[in-house]
Amino acid sequence: MDRIKDVAAKDAGGEVTLNGFVNSIRKGKNNSFIILRDPSGLLQCVSKNGEPAFDTASSLTRESAVEIKGKISKDDRAIGGYELKITGINVYGIAEPYPLKKGHNKVFLFNNRHLWFRSPRVTAIMKVRSTVFEGIHEFFTGEDFYEIQSPSFVGGSVEGGATLFETEYFGRRAYLTQSWQLYAEAMVNSLWKIYTIAPSFRAEKSKTWRHLTEFWQAEAEMAFYTNKDAMDVEEALVKSVLRKVLDKNARELDVLKRDVSILKKSIETPFRRIRYEEIIDMANKKGLSLNYGSDLGSDEERAITHDEDSPIFSINYPRKLKPFYHKLDPDDETHVLCNDLLAPEGYGEVIGGGQREDSKEKLLKRMEEEKLNVEAYNWYIDLRRYGAIPHSGFGLGVDRLVTWICKLPHIMYAVPFPRTPRRLYP
Ligand code: 4AD
Ligand code: MG
């Protein structure tokens, strides 16, 4: 089976057989022009009145599925510079009048995501997304990490109780996991460098352009690594994924009209590491009025990173702003050894990470502060009882990374079938 992308490589006059969908069709008395679509692109196919395939070509409708045979001819006016003279058509499925047209609003399009998914723009985003997953696996495998999984049904929170999804579990209460991290901290003692790519779940009540209820995290945990070491890994990971996307998806980024200069700049520039207080000062210089102690949400990070041309680390937050597992900064125990990686162009946080508290006493004290049910975490505290080691890790929001790389207006566009508080269909 040929693909549209291979047409240019064949000589004019060469024959191809292509499967595809009718992206659009223009019917005249003398000619039928079909724009055929496959995963690799679009191709104009033409049939003249009097030719054997003309009647079938004229009977096609938008989004019908077909097999088309034909001869390639060079045509500078056609998309891609080639046209196919149709010699035969086999119809797989005639489409009913297609509900999607130009100019529909976002709600209508997401209600029809199962159909909209075929569009060249969505296809381009999904190809970039696929490359991002591939790039993440390639990076970790190349750095001698083991890929390892944690359960999705769990007994307690990782990132705070406010966003826990609760579910009935044979007469008990269970939650959908917010992160693999706590289990990673057990597994890291045996494997030392580990990662996973898995869905995380959060009952996010805030409706922002960057929050989903189900999202994909690429998480890593490293034994004997400090917060600084973790940042080195994060930076190398993001740069490696960007390189891969630029290498593999030039055509898709072009379809998306993405200015790639910022992506290139991000590969070349060392990511600055800026302490939380300095980040607050930066924000206030841009007109926000934040205190030392204010949390940074979507709007704040949008303002902070709006004029940046490469990612920055925001590090060492006040302990009150971060979950119990973060290691207290030995130089100032009001702060923790953590890092958030903020993407430029207003996108903000794409990674959250840091060093883990390895002292049993300090961990228990913080769990008390956060009013956690210590019983449910007994196994986690064991990890500090039996050979506690310094260790660090992070979670990369894969959907957010795709959103930034493609410069999308909302995270929903980066996900095949997004889940938000309001969206469970299709
Ligand atoms: O910063 P977060 O909450 O960190 C953790 O979950 C850590 N336990 C990870 C770790 O150290 N192993 O989440 C990590 C990343 C965020 O930086 C963000 O990119 C993404 O996950 N994220 C979301 N993406 C989409 N929708 C949401 N509701 C998200 N919440 C977090
Ligand atoms: Mg975070």
Side-chain angles (χ1 to χ4, degrees), residues 129 132 136 140 145 148-150 154 156-165 176-188 193-222 225 227 229-231 233-234 237-238 241 276 295-298 300-301 305 311-315 317 321-327 336-343 347-357 380 391-405 408 410-415 418-421 423:
R129 183 181 170 94
V132 168
I136 294 168
F140 281 122
F145 279 71
I148 195 85
Q149 296 76 30
S150 73
V154 295
S157 84
V158 190
E159 299 295 323
T163 63
L164 270 181
F165 265 116
L176 296 181
T177 193
Q178 297 166 311
S179 159
W180 84 322
Q181 182 193 322
L182 302 191
Y183 293 93
E185 289 186 56
M187 299 186 289
V188 83
K193 283 168 76 177
I194 56 177
Y195 84 100
T196 201
I197 309 184
S200 294
F201 304 90
R202 299 199 193 165
E204 300 282 0
K205 282 125 210 156
S206 57
K207 294 183 201 82
T208 75
W209 57 271
R210 66 177 196 176
H211 284 94
L212 297 163
T213 51
E214 177 177 353
F215 60 98
W216 284 77
Q217 263 198 85
E219 296 184 80
E221 197 70 27
M222 293 83 67
Y225 274 48
N227 186 39
D229 298 331
M231 284 190 272
V233 178
E234 293 165 43
L237 166 65
V238 169
V241 170
Y276 164 86
D295 204 357
L296 303 178
S298 308
E300 292 78 18
E301 289 181 9
T305 61
I312 52 175
F313 282 108
S314 169
I315 67 169
Y317 283 59
L321 297 181
K322 291 288 174 185
F324 68 99
Y325 56 72
H326 283 94
K327 185 173 174 63
V336 291
L337 300 176
C338 70
N339 71 78
D340 278 7
L341 184 70
L342 311 183
Y347 281 89
E349 182 185 346
V350 288
I351 297 183
Q355 196 162 336
R356 319 309 190 188
E357 185 55 80
Y380 182 71
H391 60 293
S392 299
F394 62 88
L396 162 72
V398 185
D399 317 284
R400 284 199 189 169
L401 184 62
V402 175
T403 306
W404 168 54
I405 290 177
L408 305 172
H410 197 293
I411 194 168
M412 286 170 74
Y413 293 92
V415 184
R419 292 289 172 254
T420 68
R423 185 156 295 284

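Every number for a ligand or one of its atoms is a count from 1 in the order of the listing.
The Mg ion (ligand 2) has an N, O or S atom of E349 closer than 2.8 Å.
Protein heavy atom nearest atom 3 (O) of ligand 1, with residue, atom name and distance: R202 NH1, 2.8 Å. Annotation: atom 26 (N) of ligand 1 to nearest protein heavy atom, L212 N, 3.0 Å. With respect to atom 16 (C) of ligand 1, the closest heavy atom belonging to the protein is E349 OE2, 3.2 Å. Of all protein heavy atoms, the one lying nearest to atom 21 (O) of ligand 1 is F215 CE1, 3.5 Å.
The I411 neighbourhood of ligand 1 comprises atoms 25 (C), with distances under 4.0 Å to a heavy atom of that residue. Of all the atoms in ligand 1, the ones that sit under 4.0 Å from a non-hydrogen atom of V350 are 17 (O), 19 (O).
Listed here is the closest heavy atom pair of H326 and C338: CD2-CB, 3.5 Å. Residues T196 and Q149 approach most closely at OG1-CA, 4.1 Å, considering heavy atoms. Considering all non-hydrogen atoms of both residues, S150 and W180 come closest at OG-CB, 3.1 Å.
Judged by distance alone, the side chain of R210 and the main-chain N or O of R400 form no donor-acceptor pair under 3.5 Å.
Remark: distances from the non-hydrogen atoms of I351 to ligand 1 include one below 4.0 Å. Using a 4.0 Å cutoff on heavy atoms, K322 does not count as a contact of ligand 1.
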